[in-house]
2 protein chains.
Amino acid sequence: MSEQDANDKSEHTSATIYEVARRAGVGIATVSRALRGTGSVRPATRERILEAARELNFIPSRLGVSLAEGRHAANGIVFPSLTGPYFGEVLLGYEEAAAELKRSVIVVAADGLDSAQDHIRDLAGRVDGMVIYGSTAESEVVAELIAERKPTVLLSPRVLVDGPDVITAENTRSAGELAEHLLAHGHRTFTFLGGPTGGRDIDERWAALVDTLAKAGAAAPRPVPLSGYGRAEVYAAARAVLAQDPPDVLVCSHDEVALAALRVARELGLRVPDDIAVTGWDDVMAAEHSWPPLTTVRQPMRRMGEMAARALDELITGTRTGPLRQVLPTEVIIRESCAHHP
Amino acid sequence: MSEQDANDKSEHTSATIYEVARRAGVGIATVSRALRGTGSVRPATRERILEAARELNFIPSRLGVSLAEGRHAANGIVFPSLTGPYFGEVLLGYEEAAAELKRSVIVVAADGLDSAQDHIRDLAGRVDGMVIYGSTAESEVVAELIAERKPTVLLSPRVLVDGPDVITAENTRSAGELAEHLLAHGHRTFTFLGGPTGGRDIDERWAALVDTLAKAGAAAPRPVPLSGYGRAEVYAAARAVLAQDPPDVLVCSHDEVALAALRVARELGLRVPDDIAVTGWDDVMAAEHSWPPLTTVRQPMRRMGEMAARALDELITGTRTGPLRQVLPTEVIIRESCAHHP
DNA sequence: AGACAAGTTGGAAGCGCTTCCAATTCGAGT
DNA sequence: ACTCGAATTGGAAGCGCTTCCAACTTGTCT
């Protein structure tokens with residue numbers, strides 16, 4: 001029964017390569033070679049080893065492997081917060097691509113917490129490289145990462161910095177296109193709800209709107225920055241804008257603001273799009289199901305995650321050396337909140 | 001300049017504890033004690049060590065730490081797929097709680113891939129414990145985990161199994177409450193779109209609906225399982241149900257189905273809720289913004305993630321030994337898709 | 001000034017694995 | 001049978017850290 005006992009004991013924690021070696025009557029080096037398929041091992045020996053490994057339910061310890069290999073085979077990703085409808089898609093694309101590249105994904109949400117910086121540092125110690133979404137990390141930490149030569153890619157950063165790879169979604173062209181579409185409907189007075197903000201994405205949209213209207217000889221849009229992203233702030237801002245002297249069009253910085261505006265418009269008895277047109281940005285799921293369905297701009301969130309994973313892999317494997325600056329195309333989605341379309 | 005060179009070189013990869021020790025003129029044991037605050041170190045020595053560590057930008061290697069400590073300080077979470085509006089919230093709650101407990105979170109999406117099983121095994125080697133959402137893992141892998149005594153909690157599993165902790169959201173009571181509300185509106189003929197399915201959650205809702213109607217002496221609901229969860233299948237099913245002889249109420253297995261039904265109803269010229277009432281389940285963001293706003297049942301996704309993290313921690317630290325069976329309360333959200341409410 | 005307990009410190013043994021290197025065994029050709 | 005290169009194999013040195021244990025310093029109390 002002592003052998004039985006030994007078995008029981010060894011099951012509490014995964015068996016080690018030593019136990020497999022002993023059971024198969026070989027050295028650990030041979031076990032390693034047999035199991036990972038490097039070096040040559042006589043078929044009979046390999047068979048014995050595989051059998052022993054199976055019996056022991058042996059799974060190599062990632063820690064041992066990583067320590068010896070000097071790599072984690074893991075990627076990190078840092079989100080400013082896990083709320084919002086976007087990050088899920090981004091993460092999906094990222095995880096998928098990472099899995100394909102044989103890497104695990106470690107997620108950190110850098111919600112306002114003071115400890116966020118430490119979490120990011122900890123993360124850095126667990127991965128071969130990381131992507132940072134929306135410039136969550138205060139530049140200090142990012143700078144540290146860069147200085148350490150830790151492979152890093154910035155996804156949709158609030159501010160552009162030199163050095164690391166950067167992946168963004170196109171804003172200017174599609175914002176211009178959206179504005180032109182609205183002008184074509186005959187709309188003339190524009191209000192931009194939700195910006196400018198100091199963040200790159202939204203400010204690029206704002207700037208493109210200003211430009212396009214100017215070129216068309218229309219009055220400049222009225223900017224209405226938000227005092228916060230909470231539900232209350234957004235509704236209050238929408239109410240303030242719509243309650244008196246509403247413009248022809250309310251261009252919103254993103255869908256959630258636009259959806260709130262749709263709500264408020266209904267409350268105030270304003271018909272969309274007859275009395276006022278509304279547009280969003282992102283094309284979240286609710287945009288399609290709202291009433292009226294929301295005209296918006298679709299961002300390739302999933303693809304952004306995927307690109308980030310691939311860019312990071314290139315950085316880690318050293319396939320590419322120069323920094324990457326990728327701008328992914330977006331798509332204007334015309335629905336009925338901007339006008340009736342026959 | 002040779003010292004400069006050495007510095008440059010050491011920056012390519014994070015410095016080790018040995019370099020810090022050498023620079024501070026002490027042994028590595030002392031460095032370890034000083035940095036992690038265990039054991040006593042003379043203030044002057046500590047200061048020298050901290051300084052050296054700062055200069056070298058020293059971050060202890062997670063691998064070394066974990067290997068020596070015999071723990072990963074990381075939790076895993078497996079999702080069936082990263083799509084859908086739920087998992088984001090679950091992950092948020094999970095990550096938040098895990099961070100509070102000083103653990104990193106590693107995510108795996110077990111999308112149909114054949115390699116999913118391997119990914120889960122790999123994950124198991126990187127974490128101290130893991131939660132599995134929706135019984136993604138085929139029972140074989142879960143069985144393996146249990147056999148290995150790997151701390152595991154099942155979140156909203158499709159099928160209940162013995163052994164591991166299980167956390168679910170309440171279905172029966174709230175489905176009954178929803179049915180009663182619908183009966184109170186005078187609705188008499190019910191169709192259940194999207195089930196039963198063989199999955200526990202949806203089948204519990206179905207069963208509660210059947211029970212409640214039976215108790216009220218109403219006709220039994222008509223079950224309409226879905227042939228798939230793709231957009232096309234859902235719309236086709238909704239169309240088939242609504243095109244001929246629509247019931248008083250269409251109770252849907254979850255919001256996405258209900259939103260599709262709302263769409264189809266509009267296309268067919270059916271007024272909701274006048275001609276037909278529709279309900280969903282989950283309370284996704286779009287449910288609030290749809291027209292009419294969707295009556296549904298809110299699940300505490302975030303809290304589920306949080307509970308899972310805490311349950312897992314208890315398992316890992318051995319704070320609790322008996323298995324956990326937690327059912328989190330849900331909330332019926334009455335909006336206008338089930339009837340006009342004054 | 002002397003003796004002890006308490007406070008500090010460094011050495012070394014792991015933790016589980018990969019891989020270099022040297023030693024051993026195998027097979028085929030003569 | 002005998003030789004020699006090729007195929008196999010095991011030993012051992014790390015990878016970076018924690019922590020036990022023994023050795024060494026302090027400081028204090030007599």
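Quantities reported herein were computed from a predicted structural model and do not represent experimental measurements. Convention: sequence-line order gives letters A, B, ...; per-chain numbering from 1.
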Taking the side chain as every heavy atom from C-beta outward, state whether [X] and [Y] have any pair of such atoms under 4.5 Å apart.
{"X": "B:His119", "Y": "A:Ser104", "answer": "no"}
{"X": "B:Arg103", "Y": "B:Asp128", "answer": "yes"}
{"X": "B:Leu145", "Y": "B:Ile132", "answer": "yes"}

Return the value, rounded to whole Å, for the distance between atom [atom1] of [X] and atom [atom2] of [N].
{"X": "A:Leu63", "N": "C:dC15", "atom1": "CG", "atom2": "P", "result": "13 Å"}
{"X": "B:Ile49", "N": "C:dT8", "atom1": "CD1", "atom2": "C1'", "result": "11 Å"}
{"X": "A:Arg71", "N": "D:dG14", "atom1": "CZ", "atom2": "C1'", "result": "18 Å"}
{"X": "A:Arg22", "N": "C:dC17", "atom1": "CZ", "atom2": "P", "result": "13 Å"}
{"X": "B:His72", "N": "C:dC17", "atom1": "NE2", "atom2": "P", "result": "11 Å"}
{"X": "A:Ile17", "N": "C:dT18", "atom1": "CD1", "atom2": "C1'", "result": "8 Å"}
{"X": "A:Glu69", "N": "C:dT19", "atom1": "CD", "atom2": "P", "result": "6 Å"}

Indicate whether OP1 or OP2 belonging to D:dC17 is found under 4.0 Å from a side-chain N or O atom of B:Arg36. no

Any side-chain N or O of A:Arg62 less than 4.0 Å from the OP1 or OP2 oxygen of C:dG16? no

Extract from the structure each pairing of a protein N or O with an N or O of nucleotides 5-10 of chain D at less than 3.5 Å, listing the distance.
unit_1, atom_1, unit_2, atom_2, d
D:dT8, OP2, A:Ser40, OG, 3.0
D:dT9, OP1, A:Thr45, OG1, 2.6
D:dT9, OP2, A:Arg42, N, 2.9
D:dG10, OP2, A:Gly27, N, 2.7
D:dG10, OP2, A:Thr30, OG1, 2.7
D:dG10, N7, A:Arg33, NH2, 2.9
D:dG10, O6, A:Arg33, NH1, 3.1

If the plane angle is over 60° it's perpendicular, under 30° parallel, otherwise tilted; pick one for A:Phe87 and A:Phe79. perpendicular

Closest nucleotide among D:dC17, C:dC17, D:dG16 to the B:Leu67 side chain: D:dG16

For C:dC17, does the base pair up with any side-chain atom of A:Tyr18 as donor and acceptor (N or O, under 3.5 Å, distance only)? yes

Salt-bridge contact [X]-[Y] (side-chain N to carboxylate O under 4.0 Å):
{"X": "B:Arg310", "Y": "B:Asp313", "value": "no"}
{"X": "A:Glu306", "Y": "A:Arg303", "value": "yes"}
{"X": "B:Arg22", "Y": "B:Glu19", "value": "no"}

What's B:Ser61 touching, base or sugar-phosphate or nothing? Going by heavy atoms closer than 4.0 Å. sugar-phosphate

